[in-house]
S.K.: 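Questions regarding the structure given below will be posed in turn.
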Amino acid sequence: MTNRRSWLTSSPVSAVVLPIVGLLAVMGLWWGATVVFAIEPFLLPSPWAVLQKFFEQPGQLLSETGTSLLETIEGFLLAIVIGVPIALVIVRSVILERLVYPLLLMVNAIPKVAVAPLLVIWMGFGQWPKVVMVLLLCFFPIVISTAEGMKSTPTELVELMRSLKASRAQEFFKLRLRYAMPQIFTGFKVAISLAVIGSVISEFVGATKGLGYVIQQSGASADTTLAFAAIMLLSVMSVVLFYGLALLEHLLLPWAQEKR
Amino acid sequence: MTNRRSWLTSSPVSAVVLPIVGLLAVMGLWWGATVVFAIEPFLLPSPWAVLQKFFEQPGQLLSETGTSLLETIEGFLLAIVIGVPIALVIVRSVILERLVYPLLLMVNAIPKVAVAPLLVIWMGFGQWPKVVMVLLLCFFPIVISTAEGMKSTPTELVELMRSLKASRAQEFFKLRLRYAMPQIFTGFKVAISLAVIGSVISEFVGATKGLGYVIQQSGASADTTLAFAAIMLLSVMSVVLFYGLALLEHLLLPWAQEKR
Amino acid sequence: GGGDNKASSGGDSGLQKVSYLTSFNTFGREAYAYVALEKGYFKDAGFDVKISPGSGTVDVMKLVAGGQADYGIGDFTAFAITLAKQKLPVTSVGMIHQRSMAAIMSLDGLGISGPQDLPGKTIGDQPGSTNTVMFPVYAKAVGIDPKSVTFLPSPPPGLPALLASGKVQGIGQFVVGEPLIAKADSKHRKVITLPYGDKVPDLYGNTIITRSDLAKDHPDQVKKFTNALLKGLQDTVNDPAGAAAIMKKYVPNVDLDVATKELQIMQKYVKPDGFNGPLGDVTQARVQKIISLLEESQAIGKGSITPDDIVTMSLAPKS
Amino acid sequence: MIRLDGVGQVFDGREGRVTALEEIDLHVRGGEFVTLIGRSGCGKSTLLRLIAGLLPPTSGAVRVAGEPVTGPRRDVSFMFQRPALLPWRSVLSNVMLPVEIDKGAGSKASYRDRAHELIELVGLQGFERRLPHELSGGMQQRVSLCRSLIRDPQVMLMDEPFSALDALTRTELSEELQRIKMELSTTIVFVTHSIEEAVVLADRVVVLTPRPGRMREVVEIGIPRPRSLGQNAHLTEVAEISGRLHALLAQKDSAEKDSARKDSAETDVRAVQDVRP
Amino acid sequence: MIRLDGVGQVFDGREGRVTALEEIDLHVRGGEFVTLIGRSGCGKSTLLRLIAGLLPPTSGAVRVAGEPVTGPRRDVSFMFQRPALLPWRSVLSNVMLPVEIDKGAGSKASYRDRAHELIELVGLQGFERRLPHELSGGMQQRVSLCRSLIRDPQVMLMDEPFSALDALTRTELSEELQRIKMELSTTIVFVTHSIEEAVVLADRVVVLTPRPGRMREVVEIGIPRPRSLGQNAHLTEVAEISGRLHALLAQKDSAEKDSARKDSAETDVRAVQDVRP
Ligand SMILES: Nc1ncnc2c1ncn2[C@@H]1O[C@H](COP(=O)(O)OP(=O)(O)OP(=O)(O)O)[C@@H](O)[C@H]1O
Ligand SMILES: Nc1ncnc2c1ncn2[C@@H]1O[C@H](COP(=O)(O)OP(=O)(O)OP(=O)(O)O)[C@@H](O)[C@H]1O
Ligand SMILES: Cc1ncc(C[n+]2csc(CCO)c2C)c(N)n1
Ligand SMILES: [Mg+2]
Ligand SMILES: [Mg+2]
C-alpha cells in the first residue's frame, strides 16, 4: 500500500528537520574526530573554531559569498542558455552530434585549473573570466542530460507529434524538451555544484574578492580555520542552490513527481 | 518517415569518420587562429607544436597517460561501487534521503583542490589519495542520476512488482535499477570526465608521475606546449573513456536505443 | 580595458590607469606596493594603480606579456629561465631583492639542522620552482650531492601542512615564509631555514617586470613608476610594522603579526649588509653571472639568453 | 474468498476530489467467477486494485481468504488494464517474472515448460525471444495474460484482459480461462466492457453505477458450463440476459449526476440490490 | 482518396524478420467508411501507420488524395491504439494540441468551444483540467478520441478507438462518428475487434489474414444508415453478416502458417477477393 506514510516521511517539517539532524550528526562526528584523534587545527580545525571564525566577521564573509554566488548564478544561467540549444542541435542531427560531441567532450575534459590563468590573460581581471570558468565547468552535465533526456522520449509520443505534422521546432519544444524536463533538472542539479566550484577556481587567479579569494588568501596567513569557514559557506551555498532547484522542479513539474 | 537515412547517419563508418572530421576542423580553426591573430605560443601554442611535442617523447607521455588512466578507472569503479548503493538507500527511504542528501551535497561542494594536500597527509604518497580524489570528484553524478532514474520508474511497473509481492530488493534490482540504466549511464558519462580531472588534481600534490604531474611541471618551466600536449592527451583519454561507456551502454541496453 | 592604451591614456583625474600584479597572492611581503599606493607615491607620479594578486612568476609574465597588466613582480631566476625557454615580450627594469629569498625550510626535530643533513631527505616543493631548479647550484656550494635529495612535487598552498605533518622533512620556501610556517605548526617547533642566498649570493630575488614595448616606447613612464614603487619599498624597509598596517587596510585578512615579521626578514634581502647601491639596483655583471650559473646547472641551454634579453639596463634605478 | 464491506474510495487531486467508489458490499465465494461491468470511469479498476491490496480503501474493509488485506498476496494474481511489460525483458522472460520473484516457487524448469505452453496457447510461439516493443498491442496483452496465469493463482483479478484481442482469440482464451477455473477452482474477478463476455464467463455479473461507482445490481447467471462466446447453444439466453444488463447500464439513477467535483461524504445514497433471476 | 498498391511491410529485428503485411491492394473512396478486422498481430496498426505516413512501406505504393505519401499530412488524423497523451497537459490542453500545432488553423477561441463540446460529448465534463494519470483507461481513450476529432479532418485513421469503452458509450460514440462522417463526408479507416461494430459502422469491411496480413476478403455492407449498435431494426442483418465475418476470420488459409521467422519474399500468395453481397 503506497500512501500510508508516517509524519517522518510526509510532513514538510521533517523535510527541514531531518537534513538539520543529519548536519548536526556530522558536525558531531567531525568534532569528535578532532578531539579523539587530536587532529591538528591546521589540518582540520574543529567545527566550533570554524563557526567562531565565521561570527568574527560575518559581514565580510557574507559579502564574499555574495560575490561568488553572483558569479555562480551568472555562469550557470549562461551554461543553460548555451547548453540547452547545443543539446537541441545534437538531438536534431546525428551528423552534427558526431561532429560536435567529441569536441564538447574534449573541452570538458580539460582540467580547468590549468586554464584559469589563460582565461585571465584572454579576458582580464573582471567578471568575465569567472563567469566563463563557471560556464566551462557546468555546461556539460546540462548538455548531456538534456540530450539524453530528449532522446528517451517514447516513440509513441514522437509519432503522435509527427502524425500531427508538427514542425521539428514544435516536436522539440512541445514534446521532447518537456518530456526531458525531469532529466534536465537532474543535469542542473549536478551542474550547480560544479558551478560553485567553478567560481572558486576562477577566484584563485586574479581575483580580489569572493570565497575562492578568501581560501587563497587564508594561505597567506596560514589561517586554515578561515579556509574552512569559506569552504563551509561554499558548501552551504551549494546545498541551498541545489534545494532551490529541487523546489523549482517541484513547482514546475507537478506531473513528474517522484514515484517510490 | 523515420527510417530512411543516408549513409551519413546510419553507416558505422561515419560514426568514426565524422568525429575525426570535427576534430580536424577544430584543429584547423585553432591553427588558423594562431596564425591569423598571430597568437603568441605562450598563450596558445599551435596544434602542430603540440603534436611535435608529443612525438618528441611519445613513450614517456604515454606512460604518464597510463598512470593517470589507471587512477581514473580505479576511482571511477570505486565511485560506482559506493555511489550506486547510496542511491539505492536514498530511494528506499525518504528519511535516510533527507538525512544523507544534504551531506553528500556538502561534500560534493567542497573545492577538491583545497583538500588535495589533506588527502596526501592522511593517506601518504601512494595510489590511495589519487583514487580517493577521483572518487570524490565523480561519485555525485552517479548517485544523483541513479537515484533520480530509479524514482522515475513508471507507477504501472512498480505496481506490477508490488502485485507480485516482490521484496524491496527485487523491486530495486529487477525493476528500478534496470529501468534507470539509461539515466545511470548518463550519470556515468558525466562522471567519467570528472574522474579524469580528479586524477589530474590529485597528481598536483605529491605525485611523481601522471599527466597532472606533467602539467604542474611544465607550468613551472613555462613549457606551455608541453602542458598543452598533456591536456590534449587528457582530453583524448576522456573522449575514449566516454565512448567506451557509450559502447557498453549500446551493448548492455539494446532495449533502450535512442529515439529521434 | 586592456592592451596598449592602458598605460598611455589618461583618466578623468588626469591620472594614468595602470595595473600591477603582486608576485604571488597578497602575502605581507607584497606590502610595499600598498605603501606606495597609500602614501600617494603613485598618484604623485601620475598613476592610478590597481593592484591585483598574481599567481606565480610565470603567470605574471604571461599576464604582462598579454597586456592584461602593465607591471608585475616575479622571481628573477624563474624569470630568466622562462625567457630562455620562451621569448615573451617582457623585460626586467629593477630588483626588489638584492639576494634570492629561495630557501629550504624545516622544523626542529625533522632531522635537518643544516645543509649537511640534507642527503637522504625528502623535500616538498612546487615542481620547477627556483628552489628546485637552483638546488644543484646550492648543493655544489655546500658540498653535497644534489642527487642524494628527493624532491616531492606539491603546489605551494599544501606545503606547510605537508611539513608540519612530517610527511616531508623540508619544503622549498622563500625565507619570508618563516613566520607563516611557524604559525602553521601548532606544536610550535623552531623553524629551520637554509637560505640559498647565504651560499649563492649572486642570485637576485624578486624583480620588477614590464612589457618590452612599454619599456622601449615610454621609458619615462616606466622610470616614474619604478621610482614610485621603490619609494614604497624604502618606506617598508624603514618601518615594516607600519607597512604591514597599511597593507591590512587594503587586505583585511592579512595577519598583522605574520606580515610584520615577513617584512622584517625581508629588510636584509632588499638591502643586504654591505650593499650600498641604489634600491632596486641591477648590474650587468651579476646578471651575466646568474646566466652562467643557470647554464652550469643545465637549467637553461648554453647561450640561450644574454643579459640584454632579460634586463633593460637603461631603466635600472640609478643612485 | 473475497469480502468487501462498505468500501469507498476517494481520490484527492489538485483539481478537487473524485469519489470513485461508494459503499461497496460484495462477497465473492471461493471458486466463483464474478464479472464486473460498468461505464468507463466508474471505478472498476479501482475496485480490483483495492482487492489486490495495491491501494488502501478510504473507507470500509477488504478481506481475502478471511484475512484483512494489508498489501499484495502471493496467491492473488492481478492482470492490469495495460500490459505493463518490462521493456528489457523478452516475451518468455516477462512471462517468467512472477516465478523469478517467488523464489520458493519450486522447479524453474517445469515453470519454463508451463511458460512455453502458455505462450503457445495464446498464439505467440516464435516470439518468445522478442522484446515488447516488437509486438502489436494485442500481442502485448497476451503476454501479460500469460504472466498472470503462470503461477496457477488462487485468486485472479483481471482488468479487461481481452480488450485488445480479436473475436476468435477472445473465444479461445475465454474457453481456456473457464477450463482453468474449473480445474483449479480459481476465484476470478473479471472486468470487461463486453456484456456478452460478462454473461458467458460469469457465475454472477456485478453492475456498477457511473461515477461514483455503487453496486446497481448483481445478476446471477444460471446457464450451464462450458459456455462459448461464439455461436453456441445458449445464444438466446445470453442475448436475453445481455439485453437486461444493457438496460441496467443505461438506467438513470436518481442520485446520478456529475460528481467529479463532489465529496463522497455528501452523497450517501445506496443502491445495492442482490437480484437473483 | 486512399490507394494502396501491392503494399508490403517487413520488420527486421535481431531475432529475425517479421512479415507484417503482404501485397495489400486497397482503394478507399472519398467519404467512405472502411473497417479493418483481422486477428491480433496481423498488421492492422501497421497498415494504418503506412497510410498515415509514419512508416515507409517496404514495398508497394501508398497514395492519399492522389499524392504519394511521403510523410504525415495535415488533413489526415490518426487515433493511436494507445491513448498517447502528454502527461503534463490537462485533458483540455491535450485535446487542443493539434490546433496549437497547426498555427494557421484559425480562431483558437472557436476551437476551444469545439473542444469543450467534444469533451462533453464523450462524458468528460468536469475533468477538463485534470492530468492524464488521474483518469481511468477508458477516459484516457476518450481524450485521445476528442483530440483526433478537434480539427474536422478529411481522413480519419482510427486504431481500435472504442476498445476501452463500455457498450453504452461505444454506441453513443459510434453514432456520433457516423453523424460526423455524413456531415463532413470524412473518409474513415477504422480498426476494431468487435465484428458487430465493424458491420454497423462500415460501408465496407476488410478482412485480413493472420500474419502475414493479406487481404482475405472485402465485404460490402448494404444496410441503410443511420445504424445503431444496440437493439436496432437491422439486428438480423447485422447478425447474419457478423456470422459470415466470424467464419472468414476463422477460416484457415492454405498459405497460413507460423511466419514469424519467414521472409515475405518466400510467400507470394494473394487472397484478395472483392465480394459484394
Ligand atoms: N516495431 C516493430 N518491430 C518489429 N516487429 C513489429 C514492429 N511493429 C509491429 N511488428 C510486428 O508486425 C506485426 C503486425 O503488428 P501490428 O501492430 O500491425 O498488429 P495489429 O494487427 O495491429 O495487432 P493488434 O490487433 O494486436 O493491435 C506483429 O507481428 C508485430 O510483431
Ligand atoms: N490516481 C488517481 N487520481 C485521481 N483520480 C483517479 C485516480 N485513479 C482513478 N481516478 C478516478 O477514479 C475514477 C475511477 O477510475 P477507474 O480507473 O477505477 O475507472 P474504471 O471503471 O476502471 O474505468 P475504465 O473502464 O475507463 O477503465 C475515475 O473517475 C478516475 O478519474
Ligand atoms: C571539477 C573540478 N573540481 C575542482 C577543480 C579544482 N582545482 C584543481 S587544481 C586547482 C587550483 C590549484 O592550484 C583547482 C581549483 C577542478 N579543476 N575541477
Ligand atoms: Mg479501468
Ligand atoms: Mg494494433
Side-chain angles (χ1 to χ4, degrees), chain A residues 8-9 14-15 18-19 21-23 25-26 43-44 91 94-95 98-103 105-106 108-114 118 121-122 140-141 144-145 148 151-155 158 182-183 186 189-190 193 196-197 200-201 212 215 227 231 234-239 242 256 258-260, chain B residues 8-9 14-15 18-19 21-23 25-26 43-44 91 94-95 98-103 105-106 108-114 118 121 140-141 144-145 148 151-155 158 182-183 186 189-190 193 196-197 200-201 212 215 219 227 231 234-239 242 256 258-260:
Chain A
L8 262 178
T9 59
S14 89
L18 284 177
V21 169
L23 203 64
V26 166
L43 278 183
L44 186 64
V91 178
V94 184
I95 299 175
R98 289 190 180 155
L99 284 172
V100 168
Y101 231 31
L103 303 175
L105 285 170
M106 295 191 81
N108 186 49
I110 294 172
K112 302 307 174 305
V113 220
L118 278 184
I121 290 169
W122 290 333
F140 190 69
I144 192 171
S145 64
E148 301 281 332
K151 281 183 199 166
S152 70
T153 312
T155 328
V158 174
Q183 259 176 276
T186 306
K189 287 175 187 167
V190 171
S193 322
V196 172
I197 291 176
V200 175
I201 297 179
I215 292 175
I231 290 177
L234 283 169
S235 293
V236 169
M237 185 168 125
S238 187
V239 173
F242 181 94
E258 306 170 349
K259 298 135 195 161
R260 299 193 197 237
Chain B
L8 262 179
T9 59
S14 88
L18 284 176
V21 170
L23 204 64
V26 165
L43 283 181
L44 186 64
V91 178
V94 184
I95 300 176
R98 289 188 180 156
L99 284 172
V100 168
Y101 231 27
L103 302 175
L105 284 171
M106 296 191 81
N108 186 48
I110 293 174
K112 303 306 174 306
V113 221
L118 282 185
I121 288 165
F140 190 67
I144 192 170
S145 63
E148 301 281 332
K151 282 183 198 166
S152 70
T153 312
T155 328
V158 174
Q183 260 176 275
T186 306
K189 287 175 186 166
V190 170
S193 322
V196 172
I197 291 176
V200 174
I201 297 178
I215 291 175
I231 289 177
L234 282 169
S235 294
V236 169
M237 184 166 125
S238 189
V239 172
F242 182 94
E258 308 171 349
K259 297 135 194 160
R260 301 195 196 235

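On a predicted model such as this, the values are computed, not experimentally measured, just so you know. Every chain is numbered from 1, with letters handed out A, B, ... down the list of sequences. All values below come from the heavy atoms of this structure, side chains included, with hydrogens, waters and symmetry mates left out.
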S.K.: Relative to chain B, which segment of A/L23 carries a heavy atom at a distance below 4.5 Å: side chain, backbone, both, or neither?
M.R.: both
S.K.: Could you have a look at A/L234, A/L103, A/V190, A/V21 and say which one has the most heavy-atom pairs with chain B under 4.5 angstrom?
M.R.: A/L103
S.K.: Among B/V236, B/V196, B/N108, B/V100, single out the residue with the greatest number of heavy-atom pairs under 4.5 Å to chain A.
M.R.: B/N108
S.K.: Hey, what do you get for OG1 (B/T186) to NZ (A/K151), rounding to the nearest 0.5 Å?
M.R.: 9.0 Å
S.K.: With only heavy atoms counted, which part of B/V200 is less than 4.5 Å from chain A, the side chain, the backbone, both or neither?
M.R.: side chain
S.K.: For A/V26, is it the side chain, the backbone, both, or neither that has a heavy atom closer than 4.5 Å to a heavy atom of chain B?
M.R.: side chain
S.K.: List the residues meeting side-chain contact (heavy atoms from CB on, under 4.5 Å) with A/I110, not counting sequence neighbours, and say none if there are none.
M.R.: A/V115, B/I231, B/S235
S.K.: Heavy atoms only: give me the nearest B/P102-A/V239 pair and the separation to one decimal.
M.R.: O-CG2, 3.8 Å
S.K.: For the candidates B/M237, B/K189, B/M106, which exhibits the highest count of non-hydrogen atom pairs separated by less than 4.5 Å from chain A?
M.R.: B/M106
S.K.: To the nearest 0.5 Å, what is the distance between CD1 (A/I215) and CD1 (A/I201)?
M.R.: 10.5 Å
S.K.: Among residues at least two apart in sequence or on other chains, which ones pass side chain to side chain donor-acceptor pair (under 3.5 Å) with B/S145?
M.R.: none
